[in-house]
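Both counts, for ligands and for their atoms, begin at 1 and track the order of listing.
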Amino acid sequence: MQVIYFDNNATTRVADEVYEEMQPYFRQLYGNPSSMHTFGGQVGIKIREARARVAGLLGCDPSEIIFTSCGTESDSTAIHGTLAAMPHKRKVITTRVEHPAVLSVCRDLESHGFTVVELGVDKLGRLDLDELEHQLNNDTALVTIMSANNETGVIFPIEQIAEMVTGRGIAFHTDAVQVVGKVPLHLSKSPINLLSLSGHKLHAPKGVGVLYVKKGTRIAPFLLGGHQEGGRRAGTENVPGIVGLGRACESAAQNMADENTRVKRLRDRLEKALLKGCPDSRINGDSESRLPNTTNISFEFVEGEAILLLLDRHGICASSGSACSSGSLEPSHVLRAMGVPFTAAHGSIRFSLSRYNTQEEVDFTIQKMPEIIYRLRELSPFVQNTVRV
Ligand code: PLP
C-alpha cells in the first residue's frame with residue numbers, strides 16, 4: 001500500500017539532494033574534524049560550509065550558529081545556559097502551549113526554586129501581549145516563546161515580542177523548530193537572542209539541530225567536554241547530519257517561497273473539503289496567522305485515535321494531538337489551553353503537509369475522510385444518545 005504522509009510536523013522525509021550530499025561522510029570522508037591531519041581537516045572545511053549555509057537561511061553570521069543533536073537539546077541549552085549565565089535572576093516566562101522540550105524544562109525549574117510564569121492563550125491560540133508586558137520585571141532572566149505551534153500551526157508575533165522583551169534588557173529565546181524553512185527569517189536585523197531549530201523538520205536527518213546565539217548574548221555552555229563549536233557545545237560533531245542540515249537549509253532558502261505557495265494551496269483544498277464533507281467539524285487555531293502546511297481539525301463526537309486507525313488502513317498518516325504525546329489518551333495540552341471543548345479536543349486531527357505531497361493524495365483523503373467520520377459516529381454511543389448526525 002502506498003503511504004500518504006501528512007505528518008510532517010512530526011518529522012519529514014530526507015530530501016534526495018540532502019541524502020546524496022551526506023553519503024561520502026559516512027565511509028569515505030570519516031575523519032574527525034578536530035584532528036590535525038588533512039583527512040580530518042577537509043571534514044572541518046565541510047562543516048564550515050554547512051554553518052555558512054545555515055546562517056544563510058537564518059540571515060545571521062556563521063559564528064552565531066552552534067550545532068546540537070536536536071531541537072530538544074537546543075531548547076534545553078538556551079534555557080539552562082541563560083540561567084547559568086545570570087544566577088542572580090530567578091524568573092522565567094513561557095507559554096502554556098510550548099512543546100514539552102520547553103515546557104518540561106520550565107516546570108522542572110520551578111522545583112529548583114525558580115518562578116515560572118506560563119502565559120495563557122485565547123480560543124484561537126493567540127497570546128495576550130499586555131499580560132506578557134505586565135509579567136516582565138527586574139528578576140526576569142529569560143522569556144522563551146515558540147515561533148509557531150507544532151499542533152495548530154498558529155504563528156506568534158515573535159518580532160514584536162522580542163522587541164518588548166529585549167527592550168527591558170531581558171534575554172529572549174524562541175523555539176522555531178516548526179518555522180525554519182517555512183517562514184523567512186532575518187536574524188541579524190532581529191532582537192531575538194536565541195533560536196532553536198531541528199534538522200528533521202526541514203528534510204534533513206534526525207539527530208542534528210542548531211542553537212542560534214546572537215553575538216553578545218550571555219550564555220554558559222550546557223554540555224562540557226572538548227572544544228568543539230568554539231567551546232560552546234562539547235562532543236564530536238554528527239558530521240553527516242550537519243552536512244545534510246547545511247544542504248537542507250540551502251534548498252529551503254532557494255525554494256521556500258514557491259514551495260509554501262504550493263503546499264498552502266494543497267492544505268487549503270484539504271481543509272475546505274473536509275469542513276464541507278464532515279458536519280460538526282471545525283479548525284483549531286487562528287486561520288489568519290498560521291503555518292502554510294498545517295491544519296488541525298476537530299471532528300466532534302469521535303475519538304482522534306479511532307480516526308487515525310481508519311486513516312492508517314488507507315495508508316494515510318496524520319496525527320492526533322502532538323506526535324510526541326501520542327500514546328496517551330489525554331487531550332492535547334495545547335487544545336486544552338485554548339479552551340477547546342472536551343468532545344472536540346478528543347476528535348482533533350492534525351494534517352501537516354510538505355513539498356512531497358500531491359493533489360492526488362489530498363483528493364484521496366478528501367474522498368475517504370467523510371466515510372470514516374460517518375462510520376465512527378454511527379458506532380459512537382455518545383452520538384446515538386445525545387445528538388443527531
Ligand atoms: N519544539 C517543537 C515546536 C517541536 O515540534 C519539536 C518536535 O516535534 C521539538 C521542539 C523537539 O525537536 P527534536 O525532535 O529535534 O528534539
Taking atom CZ of Arg282 as the centre, report whether more than 12 heavy atoms of other residues, nucleotides or ligands fall under 6.0 Å from it.
yes
Check: of Thr68, Asn149, Thr72, min heavy-atom distance to atom 16 (O) of ligand 1 comes from Thr72
Shortest heavy-atom approach to atom 5 (O) of ligand 1 - which of Lys201, Gln178, His200:
Gln178
Would you find a donor on one side and an acceptor on the other, under 3.5 Å apart, between the side chain of [X] and the backbone of [Y]?
{"X": "Asn293", "Y": "Arg267", "answer": "no"}
{"X": "Asn193", "Y": "Phe172", "answer": "yes"}
{"X": "Ser281", "Y": "Phe299", "answer": "no"}

Taking 4.0 Å as the limit for heavy-atom contacts, which would you say applies to Glu98 with ligand 1: side chain only, backbone only, both, or neither?
neither
Side chain, backbone, both or neither: which part of Glu73 has a heavy atom under 4.0 Å from ligand 1?
neither
Asn150 neighbourhood, listing ligand 1 atoms whose heavy-atom distance to it stays under 4.0 Å
3 (C), 5 (O)
Within 4.0 Å of some non-hydrogen atom of Ser198, the atoms of ligand 1 are 13 (P), 15 (O)
Please examine the side chains of Val92 and Leu83, heavy atoms only from C-beta on, and report whether any two atoms are closer than 4.5 Å.
yes
N/O to N/O below 3.5 Å, does that happen between Gly71 and ligand 1?
yes
Would you tabulate the side-chain donor-acceptor contacts of residues 110-117 under 3.5 Å, counting partners in other chains and residues two or more places apart, or write 'none'?
from   : atom 1 : to     : atom 2 : distance (Å)
Ser111 : OG     : Asp108 : O      : 2.5
His112 : ND1    : Asp108 : O      : 3.0

Ligand 1 contacted by Lys206 (non-hydrogen, < 4.0 Å):
no
